[in-house]
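Computed over heavy atoms, backbone and side chain alike; hydrogens, waters and symmetry mates excluded.
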Amino acid sequence: MKRYEPKTIEPKWQKIWDETNVYTADLDSDKPKYIGMSMFNYPSGAGIHIGHAMNYTISDVKARMKRQQGYESYHPVGWDSFGLPAENYAIKAGVSPQESMGTIIPNYHKQYKAMGWSNDWEKEIASHRPEYYKWTQWIFSEMYRAGLAYQEERQQWWCDQCQTVLANEQVIDGKCWRHDGADDPLVEKKGVNQWFFKITEYADELLDAIDDLDWTEAVKTAQRNWIGRSEGAEISFDINGSKETLTVFTTRPDTIYGATFMVVAPESELVDSLVTDEQKSEVDAYRKAAALKSEVERQASKEKTGVFTGSYAINPATEEKIPIWVADYVLGGYGTGAIMAVPAHDERDYEFAKKQKLPVIQVVAPVFGVKRENEIFADGGAAIAFDPNKQKYAAFKIKGNNDEYFLPAGGLDEKESRLDCILRELAEEVGLTDIESAEIATDAHGRYYHRTKEINRFVRASFARIVLKSSKVDETALEEHESGYTLVWVDPEVLLEQWEADPNRDFDHYIYGLKYVVARNIELGIDKSSNKKVFTVDEVNAEKDGKLINSVEFDGLDSKEAQTKIVDWLAEKGKAEKKINYKMRDWSVSRQRYWGAPIPIVHCEKDGAVLIPDDQLPVVLPELEDFAPSGDGRSALARATDWLKTTCPECGGEAERETDTLDTYICSSWYMLRYLDPHNQEEAFTSERANKWMPIDFYNGGDHATAHMLYARFITRFFTKQGRLENPEPFKQFLFNGKVRASDGSAFSKSKGNGVDPLEIINSGYGADALRVYLMFAGPLEFNSKWDPDGVPGAYRFLARIYSLVQEYLEADKVELSDEDLKKLRFATHSMIKKVTEDIEQNSYNTAIAALMKNSNDLSQLKQCFGVHDEWRASLESLVMCIAPFTPHTAEELWQDLGHSDSIHKGHWPQYDESALAQDSITLAVQVNGKVRAEIKVAADADEEDIKAVALEQENVVKHLDGKDPKKVIYVKGRLVSVVV
RNA sequence: GCGGAUGUGGUGGAAUUGGUAGACACGCCAGUCUUAGGAACUGGUGCCGCAAGGCGUGAAGGUUCAAGUCCUUUCAUCCGCACCA
């Protein structure tokens, strides 16, 4: 019998597939289309690694199944061949990038073919070839003509090693995405004149469309965060003694009564006009220091520093003068580069206020408890009185109720201030009058059932932080009707425990108030008791919604409602307008590097920046000897004088070419369209083709969740607006797959030498098919997996078993098949077909492979009835067809062994027969009180009453019924019988 | 800190969406065979227990005849973003 030898089978079929063009897609076919692909590959000298093997196999399986199902299935291939690594290699080795691509890419061909991927090589593309980048340049021109490309000097991330600017998306943890090793330096900001694409103009539609995408949820969230839309308002503050105003962006206009100071970013030009003569030297020094600090250093330390400008703004709500500060916790690039600081409701502002001793005014009081019927409003307060000598808080107990503690508290009398009210209650109820200091610490609203008054209460309560001089009780102060109260001194835990145990959560506002005061006392060093759970003011000082307080006519409004009302009110005075802000910035597309598509622009002294006419594209990248950046911030192209000097398309006068090249993310933002028309000399793509083939049905990758995916969506939407494309979204389904890591959980890396080379595994004799099965079986595709050295051999054994099974069948004698065996065989086969078809469709490859393994085991079990029999042939062929997407070589070989002369990979996919899945009898579990006590086998069509009767007769069921009558018997169709006693 | 995801045997992971937890595989144990191999085949393998039985899906509560799945609280890990007002 033949042995399973992938080493001979695989190369044989690879060659045949190549010669017969099985995987060539007819883009104009009448068949339904399917296009499945993984992210564009950057070809490097290292060749493919295990991550590539993972990524491309995922889309290959998808595309293969569809091809087998009769779709015109296209699995394209191409190279993202512009980019820094090739250029850096060229600088080092002196080999031109053009040349090195010429050897690297053919090497990739071999590796791709060895993996058995069903790529359509006839339509291969590479972004560094002029016939491709001509259209990359054309996209720039189209953007320019549409007013979406512009040039501007801007502070931009700069990587000193790459000698180029970077997009925000290319900065990872403060380092360049190409240089993110431990020894690599942080990126810096540098003022560079560069080109931008106005992606922000598409921010809203890019955001809104995310909801409907069939994409991995994590990626959708990442995109939403990246776009970072926030709704709020711009509010103008007059400057005291000046005609100028200071405009800020805020998402919380409802907190304006709590704005006690303003902060301007140090890099903001606004500072110049705000700083007073007295403060000038201090502010200048601060700004200088801030400019020297790299963005990353600035972010690394969250310490809030800043200096006063000397100027004051007028809070348009309170009409009060508030100081304007400069501090680097405010960013120049977001909003207006200035903020109104509301320390009571913003953690950062609070920290800053605390440090600079600026006032904190609470204007939103949180609301605790759920709304109840017929609530009666009450206004009052509670005393949280601390005796520093005792290091304890004052509470009291009521006669006859020894279990509960109460805080001195009560309702507001007419015209009484909140603090007076609380101090009065403290005196009347427990006689504490010897007071060191008292202040309203915080306010909250509570909803609860008042047990003695038997009403539902809605209260606004102020909590006073009171520090006592002594715990001396003034008997004369005690109110007579409140006698029977016993003063006790407690730790806050005692109170919290009591309140938190309350099932109705009636005391949540007390918990809040107490925690706030204790935190403040601890912070001020008055409360030194160490065994207390430490709260922080930050924890309590949450940026929450609630009802407004200290906000004059807006008091009592819900903060959401107040946002609109306050903006409307200020708008009437011309001081505010609604505004939406985004975190996303325009896309910086200039790179000061050689190895990219030249930007099709010339600079003419007379006409400025002039677009090169389309009929002169491509602007071909000249071949150079030396690729190193020119050192003046321009690319090596600045030295290519012949190329550089040209004439202006407008005036015909002398002009210089733009020396920046385009970000390679542009190459990869439209390549899926070029796949549909790779040889078109007249256009980037034709709308007819694109409208037929877009969107990409299946797309996957393990990187680039934000940048690339956002850019591709942007470019696609742009083409839609231009009328060149119907569908605004490029990728119908996107799977963000996991990565393969080393067995110890660390990333594979060349420097660690822990890499696993796919080719080595293939060549060692296990073959590509076993590797493919291992990778697809390791777990759900979206999970990261760890490389298991036993995995590939295991997969190999599985394939060898299938291989032997078919060989044994072919050599077996004809045997009759009993009805029972036939049923078993058909059930095993058709349930497998159903499962595999559905699971591949749903990207659950690991369970699809489990079903294939199960089927192979089932068939082996039935081998005693083996024989050359149609039903057996059908079963084996089904197995071979279903495994073909995973193991194309093995399947093709077995398909041939089974007597076929065409390729299994085109148009051969089994249909399952529902009738084969029907069972004569089913096994049901019988539960007594939720525990399985018996199993019964009943006819599939038995009726419920009979089943219940049988269930109750079971010996073990009778035993557990213990002579009692069942209260209830539940029958779940086809599953179980549940008996309740 | 914010957002997202995930916690199930020794390991990777299944679970028809509230219905017999552990499919399928790796590993391990026992056996068969001899073309002593990177074998193949057969059987076993969640934990405790001789057994009957009990316990078991990160932890603690709850809803239900029934919870890995739903609710509440909580812990841990991973991945994004990170002073975005």
Side-chain angles (χ1 to χ4, degrees), chain A residues 172-173 216-226 228-230 232 248-252 255 263 265 298-304 327-331 333-342 345-349 351-352 538 543 581-585 705-706 736 738-739 745 764-766 773-774 777-780 782-786 788-798 800-801 804 835 838 844 846-857 860 923-935 966-981:
Chain A
I172 294 151
D173 292 333
T216 304
E217 206 52 44
V219 177
K220 291 168 72 168
T221 318
Q223 295 222 343
R224 286 192 194 100
N225 291 343
W226 190 264
R229 178 187 155 111
S230 55
V248 300
F249 174 72
T250 178
T251 53
R252 293 296 302 270
T255 62
V263 184
R298 197 165 140 180
Q299 283 174 17
S301 127
K302 303 255 161 158
E303 184 86 6
K304 302 278 177 294
D328 68 1
Y329 80 91
V330 170
L331 307 173
Y334 184 76
T336 62
I339 61 159
M340 65 174 209
V342 184
H345 302 289
D346 183 282
E347 244 180 87
R348 298 151 302 180
D349 295 345
E351 262 177 68
F352 191 76
D538 291 348
E543 300 165 35
N581 244 302
Y582 301 91
K583 274 202 262 183
M584 187 171 69
R585 314 291 160 81
T706 43
F736 191 62
K739 295 191 174 101
S764 68
Y766 289 119
V773 166
Y774 163 71
F777 184 59
E782 41 285 79
F783 285 22
N784 288 331
S785 68
K786 283 181 194 160
D788 175 5
D790 293 323
V792 175
Y796 170 85
R797 287 200 292 273
F798 161 57
R801 273 199 295 277
S804 310
K835 178 97 179 125
E838 289 171 357
S844 180
N846 60 330
T847 53
I849 293 172
L852 289 161
M853 288 170 166
K854 176 90 166 55
N855 185 240
S856 135
N857 292 344
S860 298
T923 306
L924 299 174
V926 184
Q927 297 183 338
V928 180
N929 282 344
K931 292 219 154 78
V932 178
R933 297 301 182 185
E935 269 185 9
K967 270 192 214 135
K968 216 195 272 180
V969 181
I970 297 155
Y971 171 59
V972 183
K973 200 165 179 303
R975 300 260 154 237
L976 52 71
V977 179
S978 183
V979 183
V980 189
V981 192

Whole-angstrom distance between B:U57 and B:G9, as gauged at atom P: 9 Å
Shortest side-chain distance from A:Glu935, nucleotide among B:U16, B:G4, B:U20: B:U20
Nucleotide of B:A14, B:A23, B:G27 approaching A:Asn846 most closely (side-chain heavy atoms): B:A14
Distance below 4.0 Å between A:Asn784 side-chain N/O and B:U6 OP1 or OP2: no
Distance-only donor-acceptor test (3.5 Å): side chain A:Lys304, base B:C83: yes
Distance, C1' atom - from B:G22 to B:C71, rounded to whole angstrom: 26 Å
Over-ring placement of A:Lys304 relative to A:Tyr329, 6.0 Å and 45° cut-offs: yes
Out of B:C24, B:A40, B:A85, whichever nucleotide has its closest atom nearest the side chain of A:Tyr334: B:A85
Distance test, side-chain N/O of A:Arg224 to OP1/OP2 of B:G80, below 4.0 Å: no
Anti/syn call for B:U69, syn if |chi| within 90°: anti
Presence of A:Arg933 side-chain N/O under 4.0 Å of B:A52 phosphate oxygens OP1/OP2: no
Atom C1', compared across B:U34 and B:G53: separation rounded to whole Å: 45 Å
Nucleotide nearest A:Arg797 when distance is taken to its side chain, options B:A40, B:C83, B:G80: B:A40
Earlier contact from the 5' end, RNA chain B, for A:Lys854 and A:Val932: A:Val932
Shortest non-hydrogen separation from A:Val248 to A:Thr336 and the atoms involved: CA-OG1, 3.4 Å
P-based separation of B:U8 from B:A60 [nearest Å]: 15 Å
A:Ser230 side chain near B:A85 phosphate (N/O to OP1/OP2, under 4.0 Å): yes
Whole-Å C1' distance, B:A40 and B:G54: 40 Å
Nucleotide of B:A25, B:C65, B:G13 approaching A:Pro780 most closely (side-chain heavy atoms): B:G13
Candidates B:C65, B:A85, B:G38 - which lies nearest the side chain of A:Ser764: B:G38
Base orientation of B:G80, syn vs anti, 90° cut from 0: anti
Any N/O donor-acceptor pair, A:Arg975 side-chain to B:U16 base, under 3.5 Å: yes
